[in-house]
Amino acid sequence: MAREAHRAPRGTRDLLPEDLILIRHLERTAHRVARSARYSEIRPPLIEETRLFARSLGETSDVVEKEMFTVPGRGGSDSSYTLRPEGTAGAARAYVQGGFPIRAPFQKWYYLGPMFRYERPQKGRERQFTQFGVEAFGSRDPRLDAEVVDLAVRFFEALGFGSELQVRVNTMGDEEDRGRWREALRAFFAPTLGERCDDCRARFERNVFRLLDCKVAGCRERNQGAPELLGLLGSDSAAHHRAFLSALRALGREPIEDPGIVRGLDYYTRTIFEIHYPPLGSRSALCGGGRYDGLIEEVGGPPTPAVGFAIGFSATELALGELGLPPAADLADLRAELGAEVYCVAITDQEREETLALAGELRRAGLTGVELDFRGKSAKAQFKEAGRLGARFALVLGPEERAEGVVVLRDMAERREERIPRAEAAAALAARLGR
RNA sequence: GUGGGCGUAGCUCAGUUGGUUAGAGCACCAGAUUGUGGAUCUGGGGGUCGGGGGUUCGAGUCCCCUUGCCCACCCCA
């Protein structure tokens, strides 16, 4: 081994052919589910101006404060670019830049691709990870919130997750509601602040909502009886929430109201939700999302409502692994692509060039998975390799065949052979492979 | 950023109270009737035991440092 072998950067990994069987299945499932409700794919750049994220995610969010991959621009001292840590900001920016708020405000989009966060890697968390997300702009209809949730649930159902999937919902209210709630919480927590953990005391100043999901047991106890936003909602927000719950039920999704859900990013308003799969235990959260009616304005557009979610593939992969999903049959076609369909065998070295030419003809004729030996293997070893690769047919070329202008077409499974004119090989294979 | 665990063949791992040429399985290669396969059998290649220092007659085994990976906390997807 080389003394200083290069390694993939910490928190990143190579997706090798074997790994891509599962990944590609996740991707196609995402495309399919998004398509089912007419969401269209978008591909914003992987880098954005740093200030876009600072603006949309919140200056004091952990992501912005210490988790971004940022590179200085070369132009001026004020230019700076950041590898996207999430997909919503870029989508919102693209929506505004593309002029959609005016020419076609209602848009249903989705994205799928790598995101980057400079964090300490651990199980289910990488510095480069993949997210599948949807964003629906231009409507404040609570039925749209429900459609988005349903989409997320169906993604997991399509992968084989069972009926234990939970939709946990909560509401963040609008800005006014949240102002009232913030003051109520501060008034509630202030007297017992001295009995809480250091983190809570810091959060009290920075973002009082976070006290609600502190993991420390003692702190949790002191959360009992904290004012709930539900009781402080203005009539619009309350009506929205009720209609959202009703719409979910109309889709056959029974929501679980969970006041403990608090999103870490600043841009959420009203509906927020998480998809959980309790059999996974502490790592049961698979998806988070919600409504962010203020975001478009935040990134320079006119007031425009929006709702969406993001699903991280890392956690999804982990969960699938624990559950033994997806069933092998769902991956069979992708797995088969790693093998060969037709293997061209050269009996002696005299046929090696011609097997290459033969393979070329087959490929030009549209056949896929056409392979031959490039390592000087014996005829026997070539058949062995053909078998290992799962080839359905072998085309055999030896001195005799060459002299007669034919090839031997061997059906690997049936172990039957027939001689056919060399010129008809491609057509014969195409017919047998159903092409 | 803070803790903890682990680095032995390409992969997954054994390696006994420190003791001779460091092992297994899988994978790879080659044979087992000179032109026919996924099984079996036989054989083969391949390791500065992460790196450095120390203790010792002797270190893969013990100690220290370093580096990498993993796990947890934080936070979240």
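These numbers come from the heavy atoms of this one structure, side chains and all, not from hydrogens, waters or symmetry mates. By convention in this document, chain letters (A, B, ...) are assigned in the order of the sequence lines, proteins followed by strands, and residues within each chain are numbered from 1.
Taking atom P in both B:G19 and B:G60, one finds a spacing of 10 Å when rounded to whole Å. B:U56 and B:C73 have their C1' atoms separated by 41 Å, with the value rounded to a whole Å.
Heavy atoms of A:E126 sit under 4.0 angstrom from at least one base atom. Contact annotation for A:G133: no contact, since no heavy-atom pair falls under 4.0 Å across all strands. At a threshold of 4.0 angstrom between heavy atoms, the contacts of A:E119 include nucleobase atoms, whether or not backbone atoms are also involved. A:E400 comes within 4.0 angstrom of a nucleotide base, judged by non-hydrogen atoms across all strands.
Remark: B:U34 base-pairs with no nucleotide in the shown strands. Criterion, Watson-Crick or G-U wobble with two distances under 3.5 Å. The nucleotide B:C29 finds its pairing partner in B:G43, both defining distances of the Watson-Crick or G-U wobble pair being shorter than 3.5 Å. Pairing of B:C70, defined by two Watson-Crick or G-U wobble distances under 3.5 Å, is identified with B:G4.
Side-chain contact between A:C287 and A:V153: absent, with no pair of heavy atoms (C-beta onward) separated by less than 4.5 Å. Using a 4.5 Å cut-off on side-chain heavy atoms (C-beta onward), A:V134 and A:Y111 make no contact. Counting heavy atoms from C-beta on, the side chains of A:I347 and A:Q382 never come closer than 4.5 Å.
Taking the nucleotide of RNA chain B with the nearest heavy atom to each of A:G387 and A:A381, the more 5' of the two is matched to A:A381.
Picking from B:U2, B:G38, B:G35 the nucleotide with the shortest atom distance to the side chain of A:E401 gives B:G35. The nucleotide whose nearest atom lies closest to any side-chain atom of A:V396 is, among B:C29, B:A32, B:G35, B:G35.
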